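Take a look at the structure below.
Note that the structure is a prediction, hence the values are computed from the model and not measured. Atom set for the values below is all heavy atoms of this structure, side chains included, hydrogens, waters and symmetry mates excluded. All residue numbers in this chain count up from 1 along the given sequence.
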Amino acid sequence: MEKPVVSILVPVYNVENYVGRCLESILSQTLSDIEVICVNDGSTDDSLEVLREYEKTDSRIRIIDKENGGLPSARNAGLDAAKGRFVGFVDSDDYIESDMFKKMVAASERDGSDVVICGANILPESEECDQWLYECLTPKESFYKKFKPEILFRRKDMNPFLWRTLIRRSLIEQYKLRLDEDIVLGEDKAFQAKVYPRANGITVIPDKLYNYDCSRSDSIMSRENDMGIIQKIFKHVVLIKRMGTDISAGMYATDDEFISAYLEWSIPFIYGDFLYIPQTDKVTVADSLIEYWQDYGYYKYEYSFPDWIKDAFRYMKMYAGTEKTKAGLSIVLPVEYISRYLSEMLRQIARFSDDIEIVIINNGMPEEYYVLLLKLMMSQSNIRLYNTPKHFTYDQCLNMGNRLASGEYISYLEPQDWYISVSKLMKWFRKASSPKIDICFCDYTEKRVPADIVPVKISASDYKKEEFYLDFHDALYRTEFLKKEKLIFTDASVLTGKLFLAEAIIKAKTWMSYQETIYVNRKYYRQDWLSLEKCEKVLEALDKMVDLSLEYRNPYLHGLAYSILNGDVITQIIEHNTRASKESSHQFPNGENSQVHTVKTLFDIANKMNYGYLKECGYTDQESCIRTLWDVLLARQYFLTEINGN
């Protein structure tokens, strides 16, 4: 083959179970005049052997075997070897539709375009994929005879993925265009910033011809993006400055519309991440970008920017040249929906000192409070804000807070609760951090709504006995301890916090009781209904508590699991919300009305109960039975009797 129509570049790294599917989809293209350049980027599995087998069966396959250098390096090796009139990109863990390149080449020849962009499917369809990704991969049909800044900076459905892009190779070779191998996040965008402005015609077709597999945690995209959530912003700083350098050296160096669009894109691009990074990193990023943007002409174009972009710039500028301060205590604060106490919460955190950083996880805060929070952040450098890309579950919010926290210790706050005083909170922290203990407890204090005259209190005085009955908010956790033990929150419905606390207590090597009231729980809501799915999560959490108590030989945790399971609240919730249903299985094809899992878990827990442990906790032989299991079975028996009687 002297000169194929399309050179398809396939970077390969440890995808032995997927690359075959990818190659089958490429080799079955209705456009047969292609070459397939597979770049084995130092795979340590059998990927290369799979490639060799395919090479034997189809002469269109060419293999480049190189040391690992990353995705941009692999693509550049493919570009160096390509001979086709066009170049296409396919990741080895994805696959394509049989007519992908025939349609894209036809679109190029119809319009005389150097670049063609298509849509893509996300497989499997999942709630885990952000809405942004769906919108990005569902482009609107369009044609640009000449480059416009909106292509690169405003139309997200044309950026940033190379794997749904076809490029005329003569354009690439004319300007000697290659990917920047030192950019490990956003390399596609940086390459497009070189290609798009130089292209004679860009065509967008709405056809979804590429299948992006988002199910793999070790996919090419996720692997390249597998870095600390804080480190991501520094990679984006490199991307922004590199794109700015390319613009300054290119044909649009003096184009006001282009430069203005670049600034209007790059400031929000950084701002979203800037909100949640620690104060020390904010200073580093601001010192790197603010002067750069000003030299680039920010104030010349500022008048044309929306107010919120101006505010974002001013917020970031606030940190430039300031002293770096590291907080010792991180307070994780998840906020969602409307809360009658959000105003009080904002007034409370306004009193926190710089020694405390507040990591707010915004999971649906009302807009009016969000505006107030942003104003507060303009005057306080210890507030960090993470806006969830979609609605998170409660455990996901808390885990994100843990990932972001930079303090030596972590604690948790709810919008409706409060600390007695900042000074007492800091005394508690100093008490915990002086010997660097794993967990330090304060007294549990609960104040119900409407306000009780006498609050409910539990003293944190007897380790591994009373502590199990505290709330997880009533403790300071050493960050390194949580990381070392890999302690995370799991979705256990009403027991999410209790399960986390139990695991932390059982695994802690050092602990301390600080016998003062610091945190006040405002119990203004009593949950009396749970779905069957959530009931099962509650039982699974109790089952795990029982397993932990047996593994670590702790009778107090054993007794706690038993008392929760037999308590009136949990008993009523499980009994009332797992009632048998008269509806047929046709109405519930996935078994949504089945009690089988619930009853089985209850039996499993009953079989594991250690009655010696229960006796040690003060339960008599007559009390040592699973009342919840009895009530569920009794209710089911009544149901069956009623059905048979009818």
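Close placement of the Y262 and Y296 rings is indicated, their centers lying within 6.0 Å of each other. Ring centroid separation for the pair Y210 and F161 does not come in under the 6.0 Å cut-off.
Between the side chains of R403 and Y386, no donor-acceptor pair of N or O atoms lies under 3.5 Å. No donor-acceptor contact under 3.5 angstrom links the side chains of D354 and N382, judged on distance only. A donor atom on one side chain and an acceptor atom on the other are found under 3.5 Å apart for K324 and T284. Neither side chain, Q279 nor S381, offers a donor N or O lying under 3.5 Å from an acceptor on the other. Checking D99 against T30 by side-chain atom types alone, no donor-acceptor pair falls below 3.5 Å. A donor-acceptor contact under 3.5 angstrom links the side chains of S108 and R168, judged on distance only. T203 and D111 form a side-chain donor-acceptor contact under 3.5 Å, judged by distance and modelled atom types alone.
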Worksheet item: Hey, mind stepping through Y13 and L71 against side chain to side chain contact (heavy atoms under 4.5 Å, CB included) and telling me if it holds?
Response: CA-CA 9 Å; Y13 179 78; L71 182 57; over 6 Å; no
Item to complete: Test M100 against D207 for side chain to side chain contact (heavy atoms under 4.5 Å, CB included), laying out the working first.
Response: CA-CA 9 Å; M100 175 173 175; D207 308 58; over 6 Å; no
Item to complete: I would like to know whether S260 and K300 meet side chain to side chain donor-acceptor pair (under 3.5 Å); could you show each step before the answer?
Response: CA-CA 9 Å; S260 175; K300 178 181 178 181; over 6 Å; no
Item to complete: Any chance you could lay out the side chain to side chain contact (heavy atoms under 4.5 Å, CB included) test for C22 and V10, step after step, and finish with the verdict?
Response: CA-CA 9 Å; C22 175; V10 184; 4.2 Å; yes
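The residues E173 and R178 are annotated as salt-bridged, a charged nitrogen and a carboxylate oxygen being separated by less than 4.0 angstrom. Salt bridge present: D91 and R75 bring a charged side-chain N and a carboxylate O closer than 4.0 Å.
Judged by distance alone, the side chain of R314 and the main-chain N or O of M378 form no donor-acceptor pair under 3.5 Å. No donor-acceptor pair under 3.5 Å is formed between the side chain of N121 and the backbone N or O of L123. Between the D355 side chain and the G328 main chain, no donor and acceptor come within less than 3.5 Å of each other. Using a distance-only test at 3.5 Å, with no hydrogens or angles considered, a donor-acceptor pair links the side chain of D41 to the main chain of G69. Judged by distance alone, with hydrogens and angles left aside, the side-chain atoms of N387 form no donor-acceptor pair with the main-chain N or O of N362 at under 3.5 Å. The closest donor-acceptor contact from the side chain of R164 to the backbone of C118 lies under 3.5 Å. Formation of a donor-acceptor pair under 3.5 Å by the D157 side chain with backbone atoms of K140 is found in this model. In terms of modelled atom types and a separation under 3.5 Å, the side chain of T138 and the main chain of E135 share no donor-acceptor contact. With hydrogens and angles disregarded, a donor-acceptor distance shorter than 3.5 Å links the side chain of N76 to the backbone of L179. S47 places a side-chain N or O within donor-acceptor distance of the main-chain N or O of E16, the cut-off being under 3.5 Å.
Here K375 pairs with nothing under the salt bridge (charged side-chain N to carboxylate O under 4.0 Å, His left out) rule; sequence neighbours left out. Under the rule for a side chain to side chain contact (heavy atoms under 4.5 Å, CB included), the partners of V285 that lie at least two apart in sequence or sit in another chain are I233, F234, V237, I270, F274, I277, L289. Residues satisfying the side chain to side chain contact (heavy atoms under 4.5 Å, CB included) test with D182, not counting sequence neighbours, are D180, R242. A search for salt bridge (charged side-chain N to carboxylate O under 4.0 Å, His left out) contacts involving D273 returns K232, not counting sequence neighbours. With sequence neighbours left out, the salt bridge (charged side-chain N to carboxylate O under 4.0 Å, His left out) criterion links E24 to no other residue.
Between atom CD of residue Q348 and atom OG of residue S343 there is a gap of 12.5 Å, rounded to the nearest 0.5 Å. In this structure, CG in N159 is found 8.5 Å from OG1 in T165, a value given to the nearest 0.5 Å. Here the CG-CZ distance, from N399 to F392, works out to 10.0 Å after rounding to the nearest 0.5 Å. Between atom CD1 of residue I202 and atom NZ of residue K148 there is a gap of 11.5 Å, rounded to the nearest 0.5 Å. Once rounded to the nearest 0.5 Å, the distance linking OG of S92 with OH of Y18 reads 11.0 Å. In this structure, the separation between CD1 on I259 and OG on S248 is 7.0 Å, given to the nearest 0.5 Å.
Ring geometry for F191 versus F89: interplanar angle over 60°, hence perpendicular rather than tilted (30 to 60°). In this structure, Y271 and Y315 have perpendicular ring planes: the angle between them is above 60°, well past the 30° mark.
K241 forms a cation-pi arrangement with Y292, by the criterion of a distance under 6.0 Å to the ring centre and an angle within 45° of the ring axis.
D93 places none of its side-chain heavy atoms less than 4.5 Å from the side chain of D213. No side-chain heavy atom of T388 sits under 4.5 Å from any side-chain heavy atom of M400. Within the 4.5 Å cutoff, the side chain of Q29 has no heavy atoms near those of the V6 side chain. Two residues are said to be in side-chain contact when any heavy atoms from C-beta on lie closer than 4.5 Å; R384 and S406 meet this criterion. When side chains are defined from C-beta on, S266 does not count as touching M243, because their heavy atoms never get closer than 4.5 Å. By the 4.5 Å heavy-atom criterion applied to side chains, F86 and P4 are not counted as neighbours. Within the 4.5 Å cutoff, the side chain of V204 has no heavy atoms near those of the E141 side chain. Between M345 and V335, the closest side-chain pair of non-hydrogen atoms falls below 4.5 Å.
I61 pairs in a side chain to side chain contact (heavy atoms under 4.5 Å, CB included) with only one of the listed residues (L27, I37, I8), which is L27. With F153 as the partner, the ring-ring contact (aromatic ring centres under 6.0 Å, His included) test is satisfied by one option alone out of Y196, W265, Y252: W265. A salt bridge (charged side-chain N to carboxylate O under 4.0 Å, His left out) with E35 is found for exactly one of K83, R62, R60, namely R62. Exactly one of I349, L329, V332 qualifies for a side chain to side chain contact (heavy atoms under 4.5 Å, CB included) with I358. That residue is I349.
The environment of E291 atom CD is sparse: at most 12 non-hydrogen atoms of other residues, nucleotides or ligands sit within 6.0 angstrom. Dense packing is recorded around NZ of K189, with more than 12 heavy atoms of other residues, nucleotides or ligands lying under 6.0 Å away. For NZ of K483, the number of neighbouring non-hydrogen atoms (other residues, nucleotides, ligands) closer than 6.0 Å is 12 at most.
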Donor-acceptor pairs under 3.5 Å, side chain of residues 301-310 to any protein atom, not counting sequence neighbours: which ones?
from, atom 1, to, atom 2, distance (Å)
Y301, OH, D256, OD1, 2.8
E302, OE2, Y298, OH, 3.1
S304, OG, Y301, O, 2.8

